[in-house]
Visitor: 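Structure provided below as structure tokens; questions to follow.
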Amino acid sequence: MENQTVLAKDRNTPQQENDVVLAMRGISKFFPGTIALNKVDFTLRKGEIHALMGENGAGKSTLIKALTGVYPKDEGKIFVDGAEGEVHIHSPQDAQNLGISTVYQEINLCPNLTVAENMFIGRTNQIRVHWKENEKRANEILENLGIPARANQELSRCSLAVQQMVAIARAVDMQCKVLILDEPTSSLDEKEVQMLFGLMRDLKSRGVGIIFVTHFLEQVYEVSDRITVLRNGELVGEYPISELPQVELVARMMGKDLNDLADLEEIGQKKTAGEKLVYEAENLSSSESRPFSFRIMEGEVNGFTGLLGSGRSESVRAIFGADRVTGGNVKVKGKKVNITKPHDAMKAGIGYLPEDRKRDGIIADLSVRENIILALQVMKGFFHPMSKKETEQFASEYIDALKIKTASQDTPVGSLSGGNQQKVILARWLLTHPDYLILDEPTRGIDVGTKLEIQKLVLKLAAEENMSITFISSEIEEMLRTCSRLIVMRDRNIVGELTGEDLNQSSVMKTIAGGGQ
């Protein structure tokens with residue numbers, strides 16, 4: 001499809017259109033040995049929600065940082081509505097003064113302060129702050145934007161979605177013309193996502209231009225007007241949403257025809273559970289989960305589904321002994337075992353990729369090799385260290401097998417992209433050859449190409465190696481593609497189990513809502 005950009009062909013000055021609020025021309029950014037951006041163009045119009053798409057490492061974050069003054073651009077020009085000629089942005093404060101505001105995935109507000117204090121802190125040069133006036137003003141803004149919060153409410157008592165909205169309200173009150181939302185929905189449930197989308201549409205109607213960065217393709221098509229695709233630091237194209245079907249978007253992001261979904265369906269047809277019971281729990285409970293019973297067969301891929309807070313992650317943490325186990329009976333391959341800590345689970349042949357890879361998964365300062373061999377070394381005991389030759393062989397095998405993109409085995413894992421960090425954790429557990437592998441949000445926040453690779457790997461492990469796998473994802477479509485049985489949770493209780501013809505989005509949503517079994 002032809003690039004639909006309205007930028008001038010000479011890249012130097014924006015085409016004179018009254019609705020353009022931001023124009024970036026030929027933006028380049030170089031790092032030692034890397035071209036992060038190569039003459040990228042981007043246009044944002046007033047009252048437009050514009051999705052910025054690309055795989056991890058495509059250049060999205062670098063483009064945003066060049067726009068907001070976090071990184072100095074090495075080439076190119078930026079034009080902002082209302083400013084005469086080219087603008088020079090040397091810091092986030094410069095960007096803010098030009099009406100460019102960013103709300104990040106990790107909310108950088110102060111949870112111990114009130115909503116009003118968060119909205120106005122750092123925005124006055126006066127010695128005396130008129131908090132009563134600020135509270136009144138904050139309530140007016142919140143009411144005007146339809147945000148369900150009060151000015152005197154402590155921010156920590158607000159839901160994550162409302163905290164995101166408060167950050168947006170702060171930006172709006174600072175007269176932002178360009179609002180950048182970086183993965184704003186990654187930690188929200190469906191109801192909270194819709195609440196946020198309502199606010200985005202409201203701001204759009206007020207003429208604010210919104211740059212929407214996300215990995216959720218369905219959300220892009222629900223709320224966006226245009227899409228700009230980057231790949232390997234270069235512009236692939238800009239497209240009206242109606243002219244770029246989802247399958248073509250994925251193809252442009254990956255730089256190839258999308259045969260992966262067809263491959264996934266072919267592999268998925270092979271996934272049938274065996275007859276051997278691998279793991280069984282009866283009335284298992286922990287300090288964070290309510291009692292539940294659960295089983296998984298050899299070669300089965302099943303999953304826990306439900307809204308955020310439904311208890312799915314707490315349930316698998318109880319299985320792995322990651323939280324304090326408070327009751328229940330567990331059998332592994334028919335033999336009663338006592339799993340009270342992760343080491344017990346590992347000895348029983350259970351692996352666990354945690355929901356929060358940065359907090360519970362990677363050790364950022366250690367190398368890729370050290371992160372990969374960590375679980376196996378724990379099982380062997382630190383008094384029986386593996387030789388460097390062994391660790392290098394193991395790391396090399398799994399770096400190749402999982403196509404981990406890293407400069408070397410000695411590269412600190414914290415410097416890798418999110419998708420490659422996830423692959424390193426997956427390699428860590430595959431190296432232990434578990435009988436039962438738990439994957440909690442293994443594809444959250446990673447690009448669509450890596451996401452499909454992980455889904456295909458899961459199905460192959462089950463079909464070809466008879467590994468039992470529990471797969472948890474916030475994306476129901478992803479669960480339906482990979483799982484042959486879904487355990488549905490609500491309010492930390494199992495409320496249904498779906499198999500066969502009942503494995504469809506409608507049945508899942510009805511069961512979550514309480515209208516189906």
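Position 1 is the first residue of the sequence; numbering continues from there.
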Visitor: Scan side-chain atoms only and decide if Ser313 and Asp440 contain a donor-acceptor pair under the 3.5 Å cut-off.
Guide: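 A pair is found: one side chain offers a donor N or O, the other an acceptor, under 3.5 Å apart.
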Visitor: When you measure from the side chain of Arg170 to the backbone N and O of Met119, does any donor-acceptor pair fall under 3.5 Å?
Guide: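 Yes.
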Visitor: In terms of side-chain heavy atoms, does Gln194 have a donor or acceptor partner in Glu222 at a distance below 3.5 Å?
Guide: yes
Visitor: Which pairs with one or both residues in residues 415-440 pass ring pair (Phe, Tyr, Trp, His ring centres under 6.0 Å), sequence neighbours excluded?
Guide: Tyr279-Tyr436, Phe320-Trp429
Visitor: Less than 4.0 angstrom from a charged side-chain N to a carboxylate O is my criterion; do Lys60 and Glu183 meet it?
Guide: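 Looking at Glu183 together with Lys60, the answer is no, because their closest N to O distance does not fall below 4.0 Å.
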Visitor: Would you sort out whether Phe304 and Phe294 count as a ring-ring contact (aromatic ring centres under 6.0 Å, His included), showing the intermediate values?
Guide: CA-CA 10 Å; Phe304 287 87; Phe294 170 77; 5.1 Å; yes
Visitor: Quick one: does any side-chain atom of Lys331 pair with a main-chain N or O of Lys336 as donor and acceptor, under 3.5 Å?
Guide: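 No, because the side chain of Lys331 does not come within donor-acceptor range (under 3.5 Å) of the backbone of Lys336.
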Visitor: Do we get Lys73 above Tyr71's six-membered ring, with its NZ or CZ under 6.0 Å from the centre and within 45° of the axis?
Guide: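 The answer is no; the distance or angle limit is not met.
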Visitor: Atom CG in Leu376, atom CE in Met346: separation rounded to 0.5 Å?
Guide: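 So the CG of Leu376 and the CE of Met346 are separated by 8.5 Å.
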Visitor: Just wondering, more than 12 heavy atoms not from Arg492 lying within 6.0 Å of its CZ?
Guide: yes
Visitor: Of Lys460, Lys423, Lys403, which is the lone residue that meets salt bridge (Lys or Arg N to Asp or Glu O under 4.0 Å) with Glu453?
Guide: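 For Glu453, the salt bridge (Lys or Arg N to Asp or Glu O under 4.0 Å) check succeeds only for Lys423.
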Visitor: With distance as the sole criterion, is a donor-acceptor pair present between the side chains of Glu234 and Asn38 under 3.5 Å?
Guide: yes
Visitor: Taking all non-hydrogen atoms of both residues, which atom of Thr411 and which atom of Leu416 are closest, and how far apart?
Guide: CG2-CD1, 3.8 Å
Visitor: So, does Thr482 use its side chain to make a donor-acceptor pair with the main chain of Glu478 at under 3.5 Å?
Guide: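 Checked: pair present.
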Visitor: Applying side chain to side chain donor-acceptor pair (under 3.5 Å), run through Ser468 and Glu298 and close with a yes or a no.
Guide: CA-CA 5 Å; Ser468 304; Glu298 182 181 71; over 6 Å; no
Visitor: Can you see which heavy atom on Gly414 is nearest to which on Ile362, and at what distance?
Guide: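 So the minimum-distance heavy-atom pair works out to CA-CD1, 4.5 Å.
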Visitor: Ignoring hydrogens and geometry beyond distance, is a side-chain donor-acceptor pair present between Ser286 and Thr326 at under 3.5 Å?
Guide: no
Visitor: So, for Met379 and His343, which heavy atoms are closest and what is the spacing to 0.1 Å?
Guide: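 Where Met379 meets His343 most closely, the heavy atoms are CA-NE2, 4.3 Å.
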Visitor: Looking only at non-hydrogen atoms, find the nearest pair between Leu503 and Arg485 and report the distance.
Guide: CD1-N, 4.3 Å
Visitor: Would you mind reporting whether Ile180 and Val103 have side-chain heavy atoms less than 4.5 Å apart?
Guide: no
Visitor: Is a side-chain donor-acceptor pair under 3.5 Å present for Ser91 with Gln93?
Guide: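 No - no donor-acceptor pair under 3.5 Å links their side chains.
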Visitor: Looking at every non-hydrogen atom in both residues, tell me the closest pair between Ser473 and Thr443 and how far apart they are.
Guide: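 Distance-wise, the nearest heavy atoms are OG-OG1, 4.5 Å.
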Visitor: Give the C-alpha distance, both sets of side-chain angles, the deciding distance and a yes or no for side chain to side chain donor-acceptor pair (under 3.5 Å) between Ser367 and Gln409.
Guide: CA-CA 7 Å; Ser367 69; Gln409 296 184 6; over 6 Å; no
Visitor: Quick check for you: to the nearest 0.5 Å, what is the distance between Glu288 atom CD and Asp323 atom CG?
Guide: 5.0 Å
Visitor: I need the minimum non-hydrogen distance between Tyr398 and Leu430, along with the two atoms involved.
Guide: OH-O, 3.3 Å
Visitor: Can you find a side-chain donor-acceptor pair between Asn302 and Thr470 that sits under 3.5 Å?
Guide: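 Side chains of Asn302 and Thr470: pair found under 3.5 Å.
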Visitor: Can you check whether Ala463's main-chain N or O pairs, donor with acceptor, with Asn466's side chain at less than 3.5 Å?
Guide: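 Judged by distance alone, no pair lies under 3.5 Å.
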Visitor: With sequence neighbours excluded, tell me which residues meet salt bridge (charged side-chain N to carboxylate O under 4.0 Å, His left out) with Lys65.
Guide: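 Listed in chain order: nothing, the list is empty.
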Visitor: Can you find a side-chain donor-acceptor pair between Gln219 and Thr185 that sits under 3.5 Å?
Guide: yes
Visitor: Taking only residues at least two apart or on different chains, which pairs with a member in residues 365-378 satisfy salt bridge (Lys or Arg N to Asp or Glu O under 4.0 Å)?
Guide: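 Those involving residues 365-378 are Arg369-Asp410.
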Visitor: Indicate yes or no: at least one non-hydrogen side-chain atom of Thr214 is less than 4.5 angstrom from one of Val220.
Guide: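 A side-chain contact under 4.5 Å exists here.
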Visitor: May I ask you to decide whether Arg295 forms a salt bridge with Glu497, counting only side-chain N to carboxylate O separations under 4.0 Å?
Guide: yes
Visitor: A side-chain contact here means heavy atoms from C-beta on lying under 4.5 Å apart; do Glu282 and Val330 qualify?
Guide: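 No, side chains not in contact.
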